[in-house]
Amino acid sequence: MEETPSFLRPFVLAPSDRHAERELNLDWYLPDGDVPCPAVILVHGGPLPPGMSPTPRDWPVYRGYGSLLASLGPVAVTAEHRLRMVVGPDGPCADYPLAAQDVAGAVERVRADPRVDPERIALWFFSGGGLLSTDWLRERPEWLRAVALTYPLLAPLTEWGIDPRFAPAAAIGEAGRPVPPILLTRVGLERHLLAEPVAMFLQTAGDNGVPVDVLDVPNGQHGFDMLDHTDESRQAVEKAAAWITERLSGQR
């Protein structure tokens, strides 16, 4: 029997499933109650192989996050972006600039929607999508109330031909207005290739007086929220969702 691909495995929690309202590259999960509401934009990882099916917004893990967050009060939006490996004149490279444009466009559309409070937005980045946090950690708009990073890639990999401007640690080290609250979910069984940049990111944050809340999953692997169906995993997801919801709850 063929093994189920990791990205199609069930989410570690079982929130009440909410129908996603699909609009172009966005899937909207709407809470009960009054609008406008704060919003969490979920940014998936990559780079993905060309023609991959189903795409991330149809993966159980992102449907689960969307339903979970909407049950807690915010609007949740999964933003699909075009982070793919492409072949350039110097060989294969990951198209982060194109993906960054997609995410920026998604943020603009979410903030313009009448169901959303445009002054209370959070961005939640996963895996290879972690590099897409760079522009937001650098620009730090007033309406960005929180940034969450889950098993993230936080430094460009030379073998992927990534534009070196995608460097979250460098972004938080720059002077400017205060960095929004950051949550980093760190897995204990992470690959060295990703674990080392996470350590460097935290070191840079500490050196620059930037607080980062770290949520450790000691026995978790990359993708623990779909691969490790344990109490530890479930509690980590619940804590992360509660953290981001709390950061969105206050009015300015």
Side-chain angles (χ1 to χ4, degrees), residues 7 25 40-50 52 55-57 59 61-62 65 77-88 90-108 121-141 144 146-174 176 179-187 190-205 208 210 212 214-215 222-225 240 244:
F7 59 87
N25 66 322
V40 181
I41 301 171
L42 301 166
V43 181
H44 64 80
L48 304 177
M52 184 175 194
T55 54
R57 59 179 162 175
W59 296 358
V61 65
Y62 292 112
Y65 274 111
V77 183
T78 302
E80 263 192 8
H81 52 78
R82 291 170 289 176
L83 180 55
R84 302 289 189 271
M85 293 298 292
V86 297
V87 179
D90 299 320
C93 65
D95 201 345
Y96 274 90
L98 179 61
Q101 291 177 21
D102 290 342
V103 173
V107 170
E108 182 177 356
I121 305 294
L123 295 171
W124 196 339
F125 301 89
F126 296 80
S127 190
L131 292 183
L132 296 171
S133 68
T134 302
D135 291 342
W136 307 102
L137 293 173
R138 179 173 288 125
E139 295 170 9
R140 307 168 193 177
L144 182 56
V147 172
L149 304 160
T150 294
Y151 43 83
L153 172 63
L154 293 177
L157 302 177
T158 56
E159 59 266 39
W160 284 2
I162 298 172
D163 186 329
R165 81 172 177 87
F166 291 97
I172 61 171
E174 295 179 6
V179 178
I182 300 172
L183 175 69
L184 196 158
T185 300
R186 179 173 58 183
V187 292
E190 187 60 278
R191 292 164 284 174
H192 178 74
L193 193 67
L194 277 70
E196 185 176 15
V198 165
M200 293 173 60
F201 178 87
L202 293 173
Q203 180 65 54
T204 302
N208 288 276
V210 175
V212 177
V214 178
L215 178 55
H222 194 91
F224 75 92
D225 42 11
I244 207 164

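Computed from a predicted structure; not experimentally measured.
Checked against ring-ring contact (aromatic ring centres under 6.0 Å, His included), Trp136 has the following partners two or more places apart in sequence or in another chain: Trp143. Here Phe125 pairs with nothing under the ring-ring contact (aromatic ring centres under 6.0 Å, His included) rule; sequence neighbours left out.
Side chains of Val107 and Ile41 form a contact here, defined as non-hydrogen atoms less than 4.5 Å apart. By the 4.5 Å heavy-atom criterion applied to side chains, Leu42 and Arg57 are not counted as neighbours. Asp163 has its side chain out of reach of Tyr96: every pair of non-hydrogen atoms, C-beta onward, lies at least 4.5 Å apart. Taking the side chain as every heavy atom from C-beta outward, Phe166 and Pro97 approach each other to under 4.5 Å. Under the 4.5 Å side-chain criterion, counting only non-hydrogen atoms from C-beta, Phe224 is in contact with Thr150.
Judged by distance alone, with hydrogens and angles left aside, the side-chain atoms of His81 form a donor-acceptor pair with the main-chain N or O of His44 at under 3.5 Å.
In terms of heavy atoms, Pro180 sits closest to Arg140 at CD-CG, 4.1 Å. Nearest heavy-atom pair across Thr78 and Tyr62 is OG1-O, 4.1 Å. Shown here for Phe7 and Met52, the closest heavy-atom pair between the two residues is CE2-CE, 3.3 Å. Nearest heavy atoms, Leu83 versus Ala99: CB-CB, 3.8 Å. Taking both residues in full, the closest heavy atoms of Pro152 and Leu194 are given as O-CD2, 4.2 Å, listed atom of the first, atom of the second, then distance. Scanning both residues, Ile244 and Ala146, for their nearest heavy atoms gives CG1-CB, 4.3 Å.
To the nearest 0.5 angstrom, Leu144 atom CG is 8.0 Å from Leu137 atom CG. Asp225 CG to Tyr151 OH: the interatomic distance, rounded to the nearest 0.5 Å, is 3.5 Å. Note that CG of Asp102 is 6.0 Å distant from CG of Asn25, once rounded to the nearest 0.5 Å. Rounding to the nearest 0.5 Å gives a distance of 10.0 Å between CG of Leu149 and CG of Leu131. Distance check, rounded to the nearest 0.5 Å: CG of Leu202 to CD1 of Ile172 gives 8.0 Å. Considering CG of Leu153 and CD1 of Ile162, their distance stands at 5.5 Å, rounded to 0.5 Å.
Crowding of Met200 atom CE: a count of heavy atoms from other residues, nucleotides or ligands under 6.0 Å not exceeding 12.
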Does the pair Leu48 and Glu80 meet the rule for a side-chain contact (heavy atoms from CB on, under 4.5 Å), with working shown? CA-CA 11 Å; Leu48 304 177; Glu80 263 192 8; over 6 Å; no
Check the pair Arg165 / Asp135 against side-chain contact (heavy atoms from CB on, under 4.5 Å), numbers first and verdict last. CA-CA 9 Å; Arg165 81 172 177 87; Asp135 291 342; 2.7 Å; yes
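Side-chain contact check for Ser127 and His222: at least one donor-acceptor pair (N or O, by modelled atom type) lies under 3.5 Å.
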